[in-house]
Structures are given as C-alpha cells and as structure tokens.
Protein chains: 2
Amino acid sequence: MTLMPHSRPYHHGDLRAALLISAERTLREKGAAALSLRELARDIGVSHAAPGRHFKDKQALLDALAMTGYSRLHQLLEEAVVPDIPLGPHITALARVYLTFTVENAALVELMYARKHDPDIDAPLADAVERSMRSFVRLIEDAQRRGEIVAGDPERLTLVAAAGIHGLAGLVTTGALTADAALAGLDEHIHLILHGLKPR
Amino acid sequence: MTLMPHSRPYHHGDLRAALLISAERTLREKGAAALSLRELARDIGVSHAAPGRHFKDKQALLDALAMTGYSRLHQLLEEAVVPDIPLGPHITALARVYLTFTVENAALVELMYARKHDPDIDAPLADAVERSMRSFVRLIEDAQRRGEIVAGDPERLTLVAAAGIHGLAGLVTTGALTADAALAGLDEHIHLILHGLKPR
DNA sequence: ACCTGAACACCGTTCAAGT
DNA sequence: ACCTGAACACCGTTCAAGT
C-alpha cells in the first residue's frame, strides 16, 4: 500500500520558474486580476507560503513577468531589424511585430506598461525600453543620412513614429479597433506616418 | 448627555454619489489597486455592505467611474473644437486637451481603457468613445473639403492622427516620456504628423 | 427604500518549525 | 536551502434582520 512514493517531493526543483510559467498562463487565460499567489501555489502543488521564498511579494513576481516580456519583445524587434530593406517596409515590419506581440500578449503588455513597479526594478525596466528604442533610432538616423527622412533630432522623429505605432496597438488593446483591421491597414498607416496627412 | 443627535443618520442621503467621489479620490491619490469597497464604506461612515445597494459589485463601481471619465473628457474635447481655427493649431489644441486630461487623471484613464467592463456596460462605453471621435472625423472631413488634408477615407486619416496623439499620451502615462517634454514638443509633433517624416 | 451585522470564502504576508 | 502550517489582517459578496 505504500509502494508509491510521494508524487510530490518536499523540494519542488525549480519553483521560481514554475511560478513564472504558471503565472503567465493564468495571465493569458484569465487576466491579471485573476492572478493569485495562493492559487498558483495550489496549481503547482506547494504550500501557499512557498512562493514567498522566491518573490518577496506579489509585485516582485509581476515585475519578473514584465521583465521577461520586455526581453521577448526586444528579441523579436531585433530580428525584424535587418540591413538593406527599404525604409517603409522596414518600419512596417517592425510595427507588425509590435502589433502582433501586443495582440498575442495583451495582459502581459498591460503589466509591462503598468506604472507601479518597485523603484528598485524601475531602472532595469527603463533600460529594457531604452534598448528596444535604440535600434529604431539608428534606423531613422541611417535614413536621414540617405536623405529619406527629414533633418532634425532623430530621437524626436523616432518618437513620432513610435507613438503612432504604440497608439495603434493601444487602440487595438482597448477594443476601439480590431487586430485584423489594424494589421490590414498597416501599410497604409505607416505610409501616412511617413508622408503626412497634408497633400504634397 | 444625549443632546447631540447621532452625527451619522441611518440613511446617508446620496451614498451612490459619495462612493463615486470618494472612489475617484482614492484612485487619484493611491491608484486603482488600493481601491477597496470596504475602505470606501469606512471613510464615508456606512457599513461595508452598504455599497452593495448601489453597485452590484466592485466592477460596477469601476464602470460608473469610467463612464464619468468619458463624459468629462468628451466635454473638454468638445470645448476645444471651435470654428475658424487653422487645422494645425486646431489639432494641437485637441491633443493638448487629451494629453493634459491623461496626465491629470492617469489612474482614471487606465480604468477607462481597461478591457474588463461588463458586456452590458461595454456598448455605452463604446458609444462614448465613438461620440468623442465623431467631431475629430468631422474636423478632418472639413479640412479635406478645403484641400488641406489628402483625399481618402476620413476615418482612416483620423485614426492615424488619433493613434499618434493617443500613443504620445500612452508614453507619458508609462513614464517613457515626461509630461513636460510631451507638451513642449507638441506643436512639432503635430507638425510631423501632418507633414510626414519624409522630406518634401 | 435603504442600511446593518454576521457569515462565508477567499486574499497576501509573516514566521516559527520542520526536512 | 527550501518548504510547511498556523496565524493575522485584510478583501468582496450575500442575506436575514433591522429602521
């Protein structure tokens, strides 16, 4: 009757990773509001106090989750930055990556942009954003050198393009626009950002 | 010894309004996460079950709060739409109103854009957004008639401008940009949206 | 019609004690 | 080093009962 050993060992093995994986699953399936440390612990099969060993509090787990989000988004954006592509299609490709990531990870993105990270973690997070922005700025600078973008502070010009794409993603996230509509009109959208709303 | 009547009558008078006012105060001062129905009730001086008479649950109160936010923003935007102003300054004025509202009501705006409203309340909320967008579309249509904006679907052109402004506000909200920097560069930002990033 | 008080089923966090 | 179990101070929601 006691041939079967405990199916759950006293030590989990890698509870920290298990918590992050389980948390992101809950985030995706039920949203941030439904994320409870106790439920996570139950699902994984540890006591409700166990998560406290790996994350000082719930916010620390959310911060870690946000950080993985930034890493993955950064990775995807880097892959979309390739040499010798015309400016328009290049920016469109970046925008497509950003939009798609936002749609497929809506709750995670909401977490990434939440303004309530610990001050300790705020700097790393700001760095992550900064790193992702850098390659975009370089893209604009290169285009300026070729005369394909107007002269002026490249950070400002990048801001205008980034805000346009970020805003489009935001409208999709909040449901003002469907993801399909945004993706279908993306070429045209980027064209209008590059060429302006005024007649030439 | 009993000359002083109860300082708190059994019936509050207008508990519903008091809850909304108190809730928005908490939202502004401590954020959405710190908003508790029980604490609201304590502050106002009613039992913790009293809010249940006026809002079926916490989400219903948040929905009502979001609705007041949309009303106020709509009102401010309407006031910024006045006849006989050149297109650039007109759009800049609208953007300034939007940015300022977003900065001054960050937590409320977050609530307004949260994708977790009851399906019952979702339609009224979508209407509120639609109404605010209408006057912007009309602005673009008028400019098209005067030849100040390129031909094309006015809804799409409005989307590009609105996404640009919405995205800028989003970057301020998440801390990627200071409110001062966004407001200081607003004229230039709108100019770039209208004239494009490509040289003419 | 409006509110109270008790009850229920949850939370996050802490901390002595166990392995 | 890592985890448990009990305890504490909170939640939101419901519902009979009070005014």
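The figures that follow rest on heavy atoms only: side chains count, while hydrogens, waters and symmetry mates do not. For clarity, every value in this text was computed on a predicted model and none was experimentally measured. The chains referred to below are lettered A, B, ... by the order of the sequence lines, with proteins before strands, and numbering in each begins at 1.
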### Task
For residues B:R16 and B:A64, report the shortest heavy-atom separation together with the two atoms involved.
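So the two residues come closest at NH2-CB, 4.3 Å.
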What is the distance from [atom1] of [X] to [atom2] of [N], rounded to the nearest Å?
X: B:L37; N: D:dT13; atom1: CG; atom2: P; answer: 6 Å
X: A:L19; N: D:dC2; atom1: CG; atom2: C1'; answer: 13 Å
X: B:R38; N: C:dC3; atom1: CZ; atom2: C1'; answer: 15 Å
X: B:F55; N: D:dT14; atom1: CZ; atom2: P; answer: 15 Å
X: B:L15; N: C:dC3; atom1: CG; atom2: C1'; answer: 9 Å
X: B:Q59; N: D:dC11; atom1: CD; atom2: P; answer: 18 Å
X: A:D57; N: D:dA9; atom1: CG; atom2: C1'; answer: 16 Å
X: A:L61; N: C:dC11; atom1: CG; atom2: P; answer: 15 Å

### Query
With a non-hydrogen cut-off below 4.0 angstrom, is B:R42 in contact with a base, only sugar-phosphate, or nothing?
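Answer is sugar-phosphate: B:R42 comes under 4.0 Å of backbone atoms only.
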Compare the minimum distances between each of [options] and the side chain of [X], then state the nucleotide with the smallest one.
X: B:S47; options: D:dT4, D:dG12, C:dC3; value: C:dC3
X: A:A49; options: D:dG5, D:dC3, D:dT13; value: D:dG5
X: B:R53; options: D:dA16, D:dC11, D:dC3; value: D:dA16
X: B:E39; options: C:dA6, D:dG5, D:dC11; value: D:dC11
X: B:V46; options: D:dG12, C:dG12, C:dT4; value: C:dT4

### Message
Taking B:E155 first and then B:R134, would you say they form a salt bridge - that is, a charged N and a carboxylate O separated by under 4.0 Å?
### Response
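So B:E155 pairs with B:R134 through a salt bridge.
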### Pair assignment for D:dT4, Watson-Crick or G-U wobble, requiring both distances under 3.5 Å
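Looking at the geometry, D:dT4 pairs with C:dA16.
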### Message
When both hydrogen-bonding distances must be under 3.5 Å and the geometry is Watson-Crick or G-U wobble, what is C:dC11 paired with, if anything?
### Response
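Across any shown strand, C:dC11 pairs with none.
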### Message
Name the residue from A:D187, A:L87, A:L194 that meets the side chain to side chain contact (heavy atoms under 4.5 Å, CB included) definition with A:T92.
### Response
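With A:T92 as partner, A:D187, A:L87, A:L194 yield a single side chain to side chain contact (heavy atoms under 4.5 Å, CB included), made by A:D187.
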### Query
Given C:dC10, is OP1 or OP2 found less than 4.0 Å from the side-chain N or O atoms of A:S36?
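So the side chain of A:S36 is outside the cut-off, no N or O lying under 4.0 Å from OP1 or OP2 of C:dC10.
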#### Entry: Any A:H54 side-chain N or O less than 4.0 Å from OP1/OP2 of D:dC3
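Yes, because at least one side-chain N or O of A:H54 sits under 4.0 Å from OP1 or OP2 of D:dC3.
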### Task
Between B:D14 and B:H48, name the one whose nearest nucleotide on DNA chain C is closer to the 5' end.
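By nearest-heavy-atom nucleotide position, the 5'-most residue is B:D14.
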### Query
Can B:S135 and B:E78 be counted as having a side-chain donor-acceptor contact under 3.5 angstrom?
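A donor-acceptor contact under 3.5 Å links the two side chains.
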### Task
Using the six-membered ring wherever Trp is involved, compare the ring planes of A:H166 and A:Y98 and label them parallel, tilted or perpendicular (cut-offs 30° and 60°).
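Ring orientation, 0 to 90° scale: tilted.
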